[in-house]
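What follows is a set of notes on a single structure, which appears directly below.
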Amino acid sequence: MTSSVRVRYAPSPTGFPHVGNIRTAFFNWLFARHCGGKFIVRVEDTDVARTVQGALEGILEGLRWLGIDWDEGPEVGGDFGPYVQSKRLAIYHGMANDLVQNGNAYYCHCPSERLEAIRAAQTAAKQPPGYDRHCRDLGLGPEPGAVIRYKMPLSGRTAFNDLIRGEVSFDNAVLDDFVLLKSDGYPTYHLANVIDDHLMQISHVMRAEEWLSSTPKHLLLYNSFGYTPPTFAHLPIILGPDRAKLSKRHGAVSILEYRDKGYLPEAMANFLALLGWAYDDKTEIFSIKELIENFTIERVSQTAAIFNADKLDWMNGGYIRRLTSDDFLARALPFMKKGLPEEVARPLDNDYVKKVLPLVHERAKTLADVASMESTWFFFNDNIEYDAALLIDKKMDRRQTLDMLETACARLEVLEAFDAATLEALLRPLADEIGVKAGQLFGAIRTAVTGLTATPPLFQTMEVLGKTTCLDRIGKAIGKLR
RNA sequence: GGCGCAUUCGUCUAGAGGCCUAGGACACAUCCCUCUCAAGGAUGAGAUCAGGGGUUCGAAUCCCCUAUGCGCUACCA
């Protein structure tokens, strides 16, 4: 299917790949793939001061991790390049000059001190802020330190139909004579964005809601250039639990942090898709393929959404459980290797690790959980520490527990095989024989052998731990009780 | 302050005039399963659809006002 749909994700390399940003990229990508159109990545590095080294790499890495590929952009090129704005400066200069020539823009020589002064005066007088258009009709020319400003119409209304919000309109009178070309020779977002979206033949501009207010500026610019504007769709933003814009103090906000914490890309994609989009009143689990099939802008919500970390955990756990054991093993292994601390067990025995991992498979909410103290340390660390009181069941006393453990230990010692089935066949009847509940016997052994009260199934755990280790640890528990 | 956008269970949402005594999911509670923890199953609590006016035989759904939240109001994007 061919389509004239061309959408773009236009990140500024000023920081890490924020989940809100990546979600915007994802919606654009889903839309492009759904329509059989093109998805373009364009780097908007026009703020020299805020550009940070390596930020772009992180953003692209975040995209790749989620499975988002791009048809044109950095690394892959394309017919409308370069896809980095700092390499397109000549284009912006030419276009800005044209605007000055035909009277739609003008040079402004006002120094920043003056701008600050008028802003201060406006705030003091409770006046609406904005440039006072001092240089608008002075017919000034270029000069070091000068900027080019757009000559905003003083009356009229600019309206457009947003695919998500419907009819939106603004009075031109409230709009500023905004800067098009900065004094350092770089364009502002407004200028570069409009020119590039046109030159790259972008059909739909899907961006965060914070851009809604500047859309009339863009529309006016398209008009001044004689361009046909694209269709706009302003996406709801993502908020933190306190309803404030999602930021670092809410915890992880970089998509790569989620990767490093052991979230699966397919779970993350599914979760992100549901932040501002819904298919129907019940379906929640979508593969990437299903997302592409079903994604439409009409079903994007217009309300800001709070990032619900609990639900992400739930979803991630579900995706982890649905992994085949081989797949789980392959994905969890690196987390096991880098997650366990030096003092616990080095070097790691691969065969042994492979026996441990299946036991935590259905219990893990994230891949990193496989290396947590509460889940697997006892498999690798012989110096397990715990309170002896944990050995004793609520309805039993120290003496009874001691006798029970001693009996069990003696029976275990003479066992030839030490697999789960054999252990269960021995221990379950033993509880009856001693006259305690199975849970009471198993509980004491569990604590003796793991130091914990919540673990994977006891017999499988003991099988992996092995006879020597189990007997040794039960022996120590007996010592604690004496 | 001005302008703009938004407002359904704590959270994510379904709902496009009668199907809604508002459905699903997360979280929560209780129960079942069970060697613990998970997982799974069942049940429950939880929203007078921000408030107030209209329009209509009938409104969560349409209109107006108010409130609240958020965004923009930079030579940042």
Side-chain angles (χ1 to χ4, degrees), chain A residues 10-12 14 44-47 49-50 108 110 112 115-116 119 122-123 125-131 145-149 162 164-166 168-171 173-176 178-184 186-190 192-193 207-217 234 236-237 239 241 243-245 271 274-285 298-299 301-315 317-318 321 360-365 374-375 424 427-428 431 437-443 445-447 450 452-459 461:
Chain A
S12 283
T14 53
E44 309 217 324
D45 56 344
T46 56
D47 188 336
R50 287 204 311 150
C108 169
C110 292
S112 51
L115 299 179
E116 278 159 30
R119 198 170 302 133
Q122 285 163 338
T123 338
K126 302 213 168 184
Q127 302 260 301
Y131 178 57
V147 302
I148 294 181
R149 287 183 183 273
D162 188 278
I164 293 168
R165 328 245 148 214
V168 180
S169 69
F170 293 79
D171 266 323
V174 305
L175 269 20
D176 210 9
F178 60 99
V179 172
L180 296 169
L181 202 65
K182 301 185 260 188
S183 59
D184 64 359
Y186 279 80
T188 57
Y189 171 90
H190 308 298
N193 196 261
R207 70 216 318 190
E209 191 189 348
E210 62 207 77
W211 292 108
L212 191 64
S213 303
S214 29
T215 304
K217 294 178 184 171
H234 287 92
I237 52 177
L239 270 21
R243 299 212 145 272
K245 212 168 161 184
F271 177 72
L274 259 25
L275 233 41
W277 176 85
Y279 172 68
D280 61 13
D281 61 342
K282 41 183 69 77
T283 319
E284 304 228 88
I285 304 301
E298 293 76 66
R299 298 205 61 86
S301 126
Q302 30 187 5
T303 328
I306 291 174
F307 191 94
N308 185 345
D310 276 344
K311 190 151 183 175
L312 205 212
D313 283 348
W314 166 76
M315 192 168 273
R321 266 173 259 121
V360 291
H361 187 164
E362 76 163 26
R363 266 158 275 266
K365 278 193 158 60
E374 315 78 53
S375 72
E424 179 156 18
L427 295 172
R428 209 172 275 284
K437 292 196 166 175
Q440 295 177 310
L441 206 215
F442 299 170
I445 297 177
R446 179 191 320 282
T447 302
T450 67
L452 302 171
T453 53
T455 73
L458 217 217
F459 311 121
T461 300

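So that the names make sense, note that chain A is the first sequence line, chain B the second, and so on, each numbered from 1. Any value given below was found using the heavy atoms of this structure, including those in side chains, with hydrogens, waters and symmetry copies removed.
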Original post:
Using a cut-off of 4.0 Å between protein heavy atoms and nucleotide atoms, how would you tag nucleotides 22-27 of chain B 5' to 3' with B, S and -?
Top reply: -BBBBS
Nearest to the side chain of [X], heavy atoms from C-beta on, is which of [options]?
X	options	result
A:P128	B:G1, B:G71, B:C75	B:G1
A:L212	B:G4, B:U7, B:C76	B:G4
A:S12	B:C5, B:A77, B:C75	B:A77
A:R446	B:C76, B:A6, B:C35	B:C35

Original post:
For B:C70, does OP1 or OP2 lie under 4.0 Å from any side-chain N or O of A:R243?
Top reply: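 Indeed not, no polar side-chain atom of A:R243 lies that close.
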Original post:
Is the phosphate of B:G71, meaning OP1 or OP2, less than 4.0 Å from a side-chain N or O of A:R207?
Top reply: no
Original post:
Is there side-chain contact between A:T188 and A:K182, with heavy atoms separated by less than 4.5 Å?
Top reply: yes
Original post:
Tell me, do A:F271 and A:F307 make a side-chain contact under 4.5 Å, heavy atoms counted?
Top reply: yes
Original post:
Of A:A304 and A:G439, whose closest RNA chain B nucleotide lies nearer the 5' terminus?
Top reply: A:A304
**OP:** Take atom C1' in B:A14 and the same atom in B:C26, then report the distance between them in whole Å.
**Re:** 15 Å
Original post:
In whole Å, what separates the P atom of B:C5 from that of B:C65?
Top reply: 12 Å
Subject >> Atom-to-atom span, CD1 of A:I285 to C1' of B:U13 - whole angstrom >> reply: 14 Å
